[in-house]
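Taking it in order: structure first as C-alpha cells, then the write-up.
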Amino acid sequence: MWICLSLLLIVPGLLFFTSCAKKTVQSEPTLTQQAAQVEPDAAQDDAAAKLAAEKALQEELARQKAIEEERLQAEAAEAAEAADAADAAGREAMAARSMFVNEDIYFEFDSYVLTGLAQDILVGKAQWLRINSDSAVAIEGHCDERGTNEYNLALGDKRAEIVKDYLVNVGIDASRLTTISYGEEHPVNSGHDEESWAKNRRAHFVVD
Amino acid sequence: MIAGYQKKIICLTGALILVFFMSGVGRADYTYINISNPFLRKVPLAIPVFKNLSENSIDAQVARQAADMLSDALEFTGYFKMLDRGAFLIKPEGPAIKMPGINFKNWTVIGSELLITGAYSMHDNQLEIELRLFDTFKEQLLVGKRYKGGKSDQRKMIHRFCNEVIFRLTGKRGLFNSQLAFVSTGSGNKEIYFCEFDGYRPEQLTRTKHITLSPAWSSDNKWIAYTSFINGKPDLFIRNLRQKRGSIVDRKGINATPAWVPGQFSLAATLSFSGDQEIYLLTGTGKIIKRLTHSRGIDVSPSFSPDGKQMAFVSQRGGTPQIYIKHLETGRVTRLTFEGRYNTQPSWSPAGDKIAYSAMENGNINIMVINTDGRGLMQLTHDAGNNECPTWSPDAGMIAFSSTREGGVSRIYIMTAYGTDQRRLLSLRGEQSNPQWSSNITNN
C-alpha cells in the first residue's frame with residue numbers, strides 16, 4: 001500500500017521536474033540573445049536594461065530552485081527506495097507472524113499425541129520464536145464438541161501442555177510460553193460433522 | 001386413632017407454624033412404595049379439591065390451585081398415579097376431610113389406594129392449611145399436619161407436607177426443598193443459574209460475561225463452587241450464597257470440576273499447575289490439603305460417596321476415559337466401568353449404592369447407572385440426542401441431566417432413578433447444561 005502511494009507521488013513528480021529542468025536549459029540562449037541585443041544601444045533604454053536584468057535574475061533564481069528541487073526529488077526517491085526495501089522486509093515478517101498465529105496444530109479425537117505433521121509445523125513455530133526472541137505467546141488447547149465439557153477442559157489443557165513441552169524441548173524458553181485450555185467452549189467451526197470437529201481439535205497460538 | 005396424638009409446635013422463619021396432630025406410628029412401615037424399584041407400579045392417589053373452613057367464602061380458585069400444587073409436586077416424584085377428579089364419588093357439599101366422616105369405599109372403588117384431603121382457611125391474610133394422608137384400604141390416617149403462615153407461604157406449606165408424605169411412604173426425606181443449579185447461555189454467555197426442584201423460579205446467579213462452568217453445591221447449600229474464565233483462564237470460584245465472601249483458586253493451568261465433601265467445608269477439584277491434571281482436596285477457602293490422584297494423564301470430575309469415604313472420578317490412566325473409585329482411607333483405587341471407551345461425569349447417588357455417569361458409544365452420549373460394585377449396569381436414555389451430566393435428587397429418587405433431544409438444543413431434563421418419566425424440567429432462552437442438584441435446603 002505504502003509503496004503504491006509513494007510511487008504514485010514520485011513518478012509524476014520526477015516527470016514534472018525533468019521537463020522543468022529542460023525548459024530552463026533552453027531558455028538560457030534566449031537570455032544571452034537578449035543581453036546582446038541590449039548592449040549596442042545601452043544608453044537607449046535604461047528601463048529595458050533593468051527589466052532584462054531583473055528577468056535574468058529571476059531566471060537564475062528559477063534555475064537554482066529547479067536544481068534544488070531536483071536534488072530534493074532525488075533524495076525523496078532514494079528514501080522511497082529504502083522505505084520500499086524496509087516495507088518488503090516488514091511484509092515478510094508480517095506474513096511469518098500471521099502464519100505463526102493462523103496455523104493451528106491438529107489432534108486426533110480424544111488424543112493429545114502430536115502427529116508427524118503437527119511436529120513439522122512446530123519446527124516452523126520454534127524457528128519463528130527464535131527469530132522473534134522478545135515475543136511471548138499463549139498456547140490455547142481446544143476440543144471438539146463430542147465428549148463432556150469437564151473432560152474436554154482437561155484434554156484441552158493436555159493439548160496445550162504437550163505443544164509447550166515440544167517447544168521447550170527444542171530450546172524455547174518456557175517462560176515465554178503460557179497455556180490455556182478452553183475445552184470445547186470455543187469451536188472455530190460450528191458444524192456437527194467430522195470435518196468441523198477435526199478443525200476444532202487444535203492448539204492455537206496467540207502472540208501477547 | 002387421633003387419641004394418641006401429641007402436639008408439637010415448631011416456629012419456622014416466615015411465621016410458618018406446623019402442628020403435628022398425629023405421630024402415633026412409632027415404627028415406620030414402608031410397604032407403600034417398593035424402594036428396590038418404586039416405579040414398576042405407581043401408587044394410585046386421589047387428591048380432591050381442598051375444603052374451605054372460613055366463614056367467608058374464598059374463591060374456589062384458591063382451593064383448586066392449592067390442591068393442584070400438591071398434586072403436581074407429588075406426581076413429579078414418579079411414585080404416584082394421580083386419579084382424575086372427574087371420577088371421584090363426592091357429595092355435593094364436598095368430601096369429608098377426616099375420619100370418621102370419610103367413606104373409604106368411595107375411594108377404593110375408583111382404584112385409589114391413598115387419599116389426601118385438605119382444608120384451608122383465611123383470616124386477616126393468615127392462611128391455615130390442614131392436610132391428611134390416608135390409606136384407603138386400611139382406613140388409616142398416615143400423616144396429618146396443620147400449617148399456618150402468610151398467603152405467600154402456600155407453596156412452602158404444600159411442599160413441606162409433600163416431604164412428610166414421601167418420608168412416611170419411603171422412609172426417605174423428599175426432594176421438595178431442593179434446588180438445581182445449572183449453566184445457561186440465555187444472556188449470551190455461559191452463566192450459572194438456579195431454580196427450585198421442579199424448575200420453578202429460575203434465577204441468574206453469576207454475571208461474569210465469560211464462560212462459567214460446573215456449579216457444585218456444598219452439602220449445607222450455603223456455598224457454591226464453579227469454574228469461570230472471567231480472569232482469562234479457567235479459575236475456581238468458591239462463593240458464599242448469602243454473604244459477599246468467598247475464595248478464588250487461580251493457579252497455573254486449569255482449576256476445575258469442583259465437588260464438595262459431604263458434611264464438610266472442603267472440596268475436591270482438578271488442578272493442573274503441576275503440568276498434569278490431578279485431583280486435590282482443598283479447604284473451603286481453596287487451600288490444598290492434599291493430592292488425591294497420582295497418575296500421569298488426565299484425572300478429573302470427582303464425586304464423593306455420601307459418607308465421604310470414597311471418591312469416584314474419571315481417569316484416562318487405562319488409555320480411555322473411565323470411571324474409577326478411590327477408597328480414601330486405604331488409598332486403593334479400583335476401576336468401575338469396563339463397557340465402552342468413553343465414560344465420564346460420575347455422580348454418586350445420595351443413597352450410596354449407585355453411580356450415574358454418561359457414556360459415549362457410536363458418537364452418542366447416554367446416561368448410565370451402575371452399582372458401586374460394578375454390577376447392575378443400566379442404560380437410562382436411548383435414541384434421544386446426547387444426554388449428559390446426570391445429577392441425583394437428594395432423596396436419590398430422581399436424576400436430572402441435560403439432553404439435546406429436542407431440536408439439537410441442550411436443555412435440562414429429569415427422570416426417575418430407573419429412567420422412567422423423562423421430561424423437560426424448564427424452558428429458558430438459550431441452551432441449558434450442567435445441572436447440579438442440591439441437598440434439601442433445611443434452613444429456609
Side-chain angles (χ1 to χ4, degrees), chain A residues 107-113 136-169 174-187 190-198 200-201 203-204 206 208, chain B residues 183 185 189-190 210-214 227 229 232-234 252-259 269-279 296-302 313-316 319-321 341-346 357-360 363-365 386-389 402 404 408 410 433-434:
Chain A
F107 295 87
E108 301 288 316
F109 173 68
D110 190 27
S111 164
Y112 49 88
V113 172
V137 303
I139 305 162
E140 298 178 354
H142 296 271
C143 305
D144 68 34
E145 63 176 346
R146 292 174 301 163
T148 53
N149 302 56
E150 300 84 23
Y151 185 78
N152 278 338
L153 198 59
L155 184 61
D157 197 38
K158 270 271 175 268
R159 286 175 177 167
E161 279 293 328
I162 209 85
V163 166
K164 180 184 170 180
D165 286 352
Y166 185 93
L167 293 172
V168 170
N169 280 339
S175 68
R176 296 170 58 198
L177 308 169
T178 55
T179 59
I180 173 171
S181 172
Y182 280 102
E184 61 177 80
E185 308 299 331
H186 275 177
S190 57
H192 307 289
D193 46 36
E194 180 47 43
E195 200 186 330
S196 312
W197 293 328
N200 292 334
R201 296 188 298 261
H204 179 71
V206 176
D208 289 343
Chain B
V183 170
T185 62
N189 292 290
K190 284 193 169 180
H210 288 79
I211 306 159
T212 311
L213 303 166
S214 310
T227 293
F229 281 69
K233 62 185 209 41
K252 191 168 79 70
I254 62 169
N255 302 272
T257 70
T270 303
L271 310 178
S272 69
F273 63 87
S274 71
D276 197 33
Q277 299 74 24
E278 301 285 357
I279 298 170
R296 191 80 205 149
I298 295 169
D299 291 305
V300 74
S301 298
F313 63 101
V314 174
S315 180
Q316 174 247 357
T320 57
R341 299 182 49 78
Y342 197 105
N343 298 314
T344 62
Q345 300 178 317
Y357 63 94
S358 68
M360 181 155 58
N364 287 316
I365 306 178
N386 282 324
N387 303 277
E388 294 184 38
C389 205
S402 67
T404 58
S410 178
S433 57
N434 234 252

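Chain A is the first sequence line, chain B the second, and so forth, proteins listed ahead of strands; every chain is numbered from 1. It should be emphasised that the depicted structure is a prediction, and the values quoted were computed from it without experimental measurement.
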Next item on the list: Measure across B:G232 and A:I180 and return the closest heavy-atom pair with its distance rounded to 0.1 Å.
Entry: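 Scanning both residues, the minimum pair turns out to be O-CD1, 2.6 Å.
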Next item on the list: For residues A:D157 and B:G253, report the shortest heavy-atom separation together with the two atoms involved.
Entry: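 What the structure gives for the nearest pair is OD1-CA, 4.2 Å.
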Check: So which of A:T178, A:T179, A:L153, A:D165 has the largest heavy-atom pair count under 4.5 angstrom toward chain B?
Finding: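 Most heavy-atom pairs within the cutoff with chain B belong to A:L153.
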Notebook entry, point to check: So which of A:K164, A:H186, A:E185, A:R146 has the largest heavy-atom pair count under 4.5 angstrom toward chain B?
Noted result: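 Among the listed options, the one with the most contacts to chain B is A:E185.
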Distance (rounded to the nearest 0.5 Å) between [X] [atom1] and [Y] [atom2]:
| X | Y | atom1 | atom2 | value |
| --- | --- | --- | --- | --- |
| B:S301 | A:N149 | OG | CG | 9.5 Å |
| A:L155 | B:Q277 | CG | CD | 8.5 Å |
| A:N152 | B:L213 | CG | CG | 11.0 Å |

Of the backbone (N, CA, C, O) and the side chain (C-beta and beyond), which part of [X] lies under 4.5 Å from a heavy atom of chain A, both, or neither?
| X | value |
| --- | --- |
| B:I365 | side chain |
| B:I298 | both |
| B:S358 | side chain |

Next item on the list: Assign the ring pair A:Y151 / B:Y342 to parallel, tilted or perpendicular, where the plane angle (0 to 90°) is split at 30° and 60°.
Entry: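 Geometry flag for B:Y342 against A:Y151: perpendicular rings.
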Note to self: Within the 3.5 Å criterion, strictly below it, is a donor on B:N434 or A:E150 matched to an acceptor on the partner's side chain?
What the structure shows: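 A pair is found: one side chain offers a donor N or O, the other an acceptor, under 3.5 Å apart.
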Item checked: Short N-O contact, A:D110 and B:R341, less than 4.0 angstrom ->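 Salt bridge: no.
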Margin query: Among B:Q345, B:M360, B:K233, which residue has the highest count of heavy-atom pairs closer than 4.5 Å to chain A?
Written below: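 Greatest number of close heavy-atom pairs with chain A: B:Q345.
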Next item on the list: Please tell me if the side chains of A:E161 and B:D276 come closer than 4.5 Å, counting only heavy atoms from C-beta onward.
Entry: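 A:E161 does not reach B:D276 side chain to side chain.
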Notebook entry, point to check: By a 4.5 Å heavy-atom criterion (distance strictly below it), what part of A:F109 contacts chain B: side chain, backbone, both, or neither?
Noted result: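 Side chain only.
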Checklist line | Within 6.0 angstrom of A:E108 CD, more than 12 heavy atoms from elsewhere | finding: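 At most 12 heavy atoms, drawn from other residues, nucleotides or ligands, come within 6.0 Å of this atom.
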